[in-house]
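Below: the structure, in C-alpha cells.
All chains are named by letter (A, B, ...) in the order of the sequence lines, taking the proteins before the strands, and each is independently numbered beginning at 1.
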Amino acid sequence: MAPDVAAGIERLDDRAIAVDPGAIEGEFTKIWRATSGAASDESSIRLRVLNFVAFAYEAAGANRFREVMRALPQRYPCRGILAVAAPGQRQLDASIAAGFWRSSGGARHICSEEVQLVGGAAQEPELASAVLALLVPELPVVAWLMDAPDFGGRMSREILETADRAFFDTAGQVDTAAVFGHVLRAGAGREVELCDFAWGRIATWRELVAQFFDGDEGLRQLSKIQSIEIDGGGARLSSESLLLAGWLVSRLGLSLAYLAPSGGRIEATLYDGTRGVTLKVARGADGGAAPVREVRIRTGTALLSVGIHPESGHMHVREQREGGLSRRTVASPRGDDASAIAAALDDRADPTIYAEALGSALALLAAPAPDA
Amino acid sequence: MTSPTRNPLRAGLHMPRTPDPCALVVFGATGDLTARKLVPALYNLARERLLPMGFSVVGFARRDWSDEQFRAAMKDGVSKFSREPLQDEIWESFARDLHYVSSDFADPAGYRRLGERLTKQDQAHGAGGNRLFYLATQPTAYAEIAQNLKEAELSRVADGSWTRLVVEKPFGRDLESARKLDRSLGAVFRERQIFRIDHYLGKETVQNIIVFRFGNGIFEPIWNRRYVDNVQVSVGETVGVEGRGGYYEESGALRDMVQNHLMQVLALVAMEPVASFTGDAVRDEKAKVFHAIMPIEDIAGSTVRAQYTAGAVLGEQVPGYRQEPGVAPDSRIETYVALKLTVENWRWAGVPFYLRVGKRLPKRATEVAITFKTPPLQLFRQMGSEGPTPNLLVLRIQPDEGISLRFGAKVPGTRSDVRPVNMDFRYGTSFGVEPPEAYERLLLDAMLGDSTLFTRWDGVEAAWELLTPVLDAWASGVSPLRFYEAGSWGPDEARTLMERDGREWHRM
Ligand SMILES: NC(=O)c1ccc[n+]([C@@H]2O[C@H](COP(=O)([O-])OP(=O)(O)OC[C@H]3O[C@@H](n4cnc5c(N)ncnc54)[C@H](OP(=O)(O)O)[C@@H]3O)[C@@H](O)[C@H]2O)c1
C-alpha cells in the first residue's frame, strides 16, 4: 500500500564550496544546527537512512537529480550526491544544498543533504574518489546511473562495487539486446542489486496479470494458457514489453520452441512440457507513448486483458471467466523518477526474478546470452 | 503443465496475494461510519489495486434508498473524506459493484432479499460465496442481526468459502453485557470468524510500537522492572464531544477509550516478544498481559474521574461538558480518567502503569512515556553538581509521531554539570508521507483473514473484568466525580495520584 511520493520539499540555496570532504561536512553541521530550531539544551537527530548517489555524463542530469531530491527524501531522508562528468568542463566544482520540510508549526526539518560535484570527462577518477569520501558511513548506498547502462566507465564500475542497489534504465536505448547483455554481465557475481526503471514500470502490469491467477480457480487456469499477446507503444519494441514477455516466459517455466524471424515484432511458440503456447510481442500500429499498451492472455476457458488509458493513465482490467465478465479500473502509480525509486526501495525485491526475465527476453530477441 | 499449488507469477511482487473475491455486507450503510470511513477506505484500496476482481459491497439499512441513491451518497462521502481525491473513471468502475438493500434489521424478508442479491452477484462475478458482514451500526442491533443472518442461512459457510463478521466498538458496556453479546455472536459465528475492530490497532504508529521494540536489539534488554521505573500511557484530546453528546452520555471516557484503546496500547508495550506476526501470536501475548494485570483493589486511591467545565482550549472559549448538546445538565459522566495499574509478571512486577485520557485538554497527543530508573550512584552530586534526571523514552503515537529520548550530558565547562537533553525523532517530519488510513489496513486484513490487528474475546473480556468493578464502584460513589477546567491538564487529584508515589505525570 505504498503511497506515491509527491514533491513537497523546500530547498536551501546552493552554496559553492571547495571539493573538500572536511569542509563539506562542517558546512552541513552548520546547516543542521541553524535549522533544527532546537533549544540550546536539546539536540536533534540527523535522520538519514541512505546515501543516494547519482551519476551523469550530461549537465542536464542535475535537473533530474534535483527533481528526485524534491520528493524522495519524504520517504527516504538521505544524503544525495550528484557527480557529473560533463564534456565541456575543465575543473572540479562542488556545491551543497539541503532540503527541508516545514511542519504545521512552521519549524524546518532537514530531510536531505545534497552535494553536487561537476567535473570534466577526464576527471571521472577524481569524481569517484570524492563521492567515496562523502558517503555517510554505515548507511546503504543507492546509486543511479542516469545514462545508458554500459557499466564501462570508472564511475559505473565504482558504483557497482560500492552500491547496495544500482538504478538505471534499459528503456529508450538504441540496441536493447546489447543493453540487456551489459546488465546481465554487470550483475553476475556481484552483491549489488540491479534496479531497472523499465522493470519498475511494468510492476503494475505484473501485479494485475498475477492477480488473475490467484486462488484455486486462477491456478487451474495457469495450466491452460494458450496464448499471450503484448502490445507496446513507441518506435521500436520497448524494453518494458520485452521484459514483460521475458517475465511471463521465465515465471511460467516455458521454453522457446520456435521463434519466427522478427521485423519489429516477436512471434514465438513456447513449450510447457506438454503443450505449445503462442507468444506475440508487437508494437502498436499507432505508436503512442505508453511502453506497454495491452496484454491479453487466453486460456482454454478464460480471457484476461489489461490495458492502459492513453490520457488518464488508468488501467483497465477485463476478465472473462466461465462465471461471467468482470471489469474494473484502477490507478497506475506515478511514473516520475522519485516515485519509481521509492517504490523499488519499498519492495523486498527478488533480483533473481528480474535476472531470469532479462535472460528470457534476450532469448526472445534471439541474442546469445552473455557468458556469466 | 499440472496446476501448481502456488501462483508462480506472485514471486517477488509487493503483495503476496489479494483477498479472495468476496462480498462485503455493511449493516448500517446509510450511517456516518460507512460514508466517513468504510467506503473511502474501500475506494482507496480499489484504486491501489488491492481489492480482488469480483468484489462487491451490499449496503443494508432502513432508509428507502435505491442502488443509485446509495452510490450517490457514497460518492459524496468519498469526495469529502477520502485520503486520495476521487477520480471519476476509477469511481465509476468501483461504484458498479455497490448495491443496496433497504430493510429493518428486524425484518426476515430483508435478509431473504439480501441472500438473493448475494447469490445473483456470486453468479455474475464468481465471488464463490465468500462474505464479510460488517456491523456498522448501534451495538444494540448486533445480536439481532447475527440471529437473523443465521435464520436466513446467510451465516452458513459453503464448501471452500468463508464467512466473517466485523464488529465495531464498543463491545459491550460492562462485563455482563459484553459476555451476553459474545454469547449471541458465538451462537452464530465461531471466534475465528469474528473480527473486532479497534481502529487504534490499525494505526501505523501503534504498529510501530512493535517494530520499535522487536525490530531493535537495544531496547528489549532494558524493557523490564530492573531498569524501568514507571510507564505512562496518555491520550489528550482538545475536542469535546463534537455533537455526539448522546452517545457519550451512554459511555464516558473509561468505556470509550480506556477499556479498548489504552488497554491495547498498554498490552503492546508490556507484552513479551512474539515468535511471528501471523495468526494468534500477538494476541496470545497480549492476552497474557491482560491476565497479569492485578484487579484494582484501592479504587478510591488508584483511580480519578473528572468532567470538564467551561474554559478555553487552543485560544477559544468552550462550554463545559454539561452545556454540550445532548448532555444532561447534571450529568455524572466522566470525560477524564487517570488510573494506576500493576502488571504482576516476571518482567513488570513492581512497575506501575499509569493511564490517563481526557477531553478538552490543552493539547492533542497520544503517547507512551517510559521513565527509567536513576543510576544507582549519585556520582556527580558528590562533585557538587545537580543529580541526574532519569532517562525518559517517549513513543509519540499522534500527532507528530516519533520517539524522543532524554539523557544526561555534560555542560561544557570545567564543572561536571549534567544537563538533560532530548534527542527527538519525528516520523511526520522525517518520513513526510501520509500513512494509509487505519480502516484501509483493517478492511484488507479482514478480507485476507488476518486477525492479528483485531481484538480477541479473551482480551476484551479481561479488560472488562478489570474495569467493570471500577465502573460499579464509581456508580456507588467511590472516587467522587471531580471537575477540571477545559484547557487544563485535568483535576488536581490526578496530580495527587502521582505525587503519592513520588512521581509526576510526564508533560505532553
Ligand atoms: N462514526 C464514526 O466515526 C465511528 C467511529 C468509531 C466507531 N463507530 C461505531 O460504528 C457504529 C456505527 O456508527 P455510526 O456513527 O455510523 O452510526 P449512525 O450514523 O447512527 O448509523 C447507524 C446506521 O444503522 C442503521 N440502522 C439503525 N437502526 C436500524 C434498524 N433498526 N434497521 C436498519 N438499519 C438501522 C441506520 O440506518 P437508517 O439511518 O437508514 O435508519 C444507519 O445506517 C457504532 O457502533 C459506532 O460506535 C463509529
Side-chain angles (χ1 to χ4, degrees), chain A residues 1-3 5 8-9 38 41-45 47 74-75 77 101 103 107 109 111 203-204 206-220 222-223 248 251-253 272-275 309 312 314-315 317 319 321-324 326-331 346-347 349-350 353-354, chain B residues 1-15 17-18 20-21 45-54 83-84 87 89-90 92-94 96-97 122-128 160 399-400 409 419-426 428-436 440-441 444:
Chain A
M1 242 188 291
V5 297
I9 295 172
D41 62 347
E42 286 181 357
S43 69
S44 58
I45 291 184
L47 184 78
Q74 280 185 326
R75 270 241 283 291
W101 267 96
S103 59
H109 302 273
C111 57
T204 309
R206 287 185 281 135
E207 198 179 297
L208 293 171
V209 170
Q211 269 183 23
F212 183 71
F213 296 101
D214 278 338
D216 294 339
E217 164 54 20
L219 291 175
R220 274 193 292 278
L222 271 175
S223 52
L248 281 163
R251 295 314 302 154
L252 296 173
D272 78 347
T274 51
R275 299 168 312 110
H309 192 279
S312 67
H314 295 323
M315 304 196 52
V317 187
E319 290 187 7
R321 298 190 200 246
E322 275 165 351
S326 312
R327 284 175 299 147
R328 67 178 162 150
T329 305
V330 296
D346 283 348
D347 267 353
D350 180 346
I353 294 179
Y354 170 66
Chain B
M1 207 197 292
T2 51
S3 293
T5 51
R6 301 182 79 176
N7 180 355
L9 300 176
R10 276 274 163 212
L13 286 179
H14 190 69
M15 285 288 291
R17 63 189 172 110
T18 39
D20 302 322
L45 290 174
R47 105 174 255 297
E48 291 182 16
R49 309 169 295 281
L50 294 166
L51 290 184
M53 276 300 216
R83 180 169 61 85
E84 292 285 340
Q87 285 170 304
E89 214 182 330
I90 296 178
E92 292 308 326
S93 149
F94 173 72
R96 270 200 304 268
D97 297 318
D122 279 351
Q123 283 161 354
H125 293 312
D400 252 358
R419 188 74 84 70
V421 293
N422 270 334
M423 207 155 73
D424 209 0
F425 163 70
R426 296 165 198 226
T429 47
S430 306
F431 301 108
V433 173
E434 284 281 299
E440 290 176 36
R441 171 74 192 262
L444 188 64

Just jot down the side chain to side chain donor-acceptor pair (under 3.5 Å) partners of A/Arg251, sequence neighbours excluded, or say none.
A/Glu356
Which atoms of B/Arg6 approach chain A - backbone, side chain, both or neither, heavy atom under 4.5 Å
backbone
If I measure from the heavy atoms of chain A, does B/Ala11 come under 4.5 Å with its side chain, its backbone, both, or neither?
both
Value rounded to 0.5 Å, distance of CG in B/Leu9 from CD in A/Gln211:
11.5 Å
If the condition is side chain to side chain donor-acceptor pair (under 3.5 Å), which residues does B/Ser93 pass it with, not counting sequence neighbours?
none
Select one option (side chain, backbone, both, neither) describing which atoms of B/Glu89 are under 4.5 Å from chain A's heavy atoms.
both
Most chain A-contacting option - heavy-atom pairs closer than 4.5 Å, from B/Ile90, B/Leu51, B/Asp122
B/Ile90
Using 4.0 Å as the upper bound for N to carboxylate O, is an ion pair formed by A/Asp346 and A/Arg75?
yes
So, the part of B/Gln87 with a heavy atom under 4.5 Å from chain A: the answer is side chain
Side chain, backbone, both or neither: which part of A/Arg321 has a heavy atom under 4.5 Å from chain B?
neither
Reported CG-to-CG distance for the pair B/Leu444 and B/Leu45, which is rounded to 0.5 angstrom:
5.5 Å
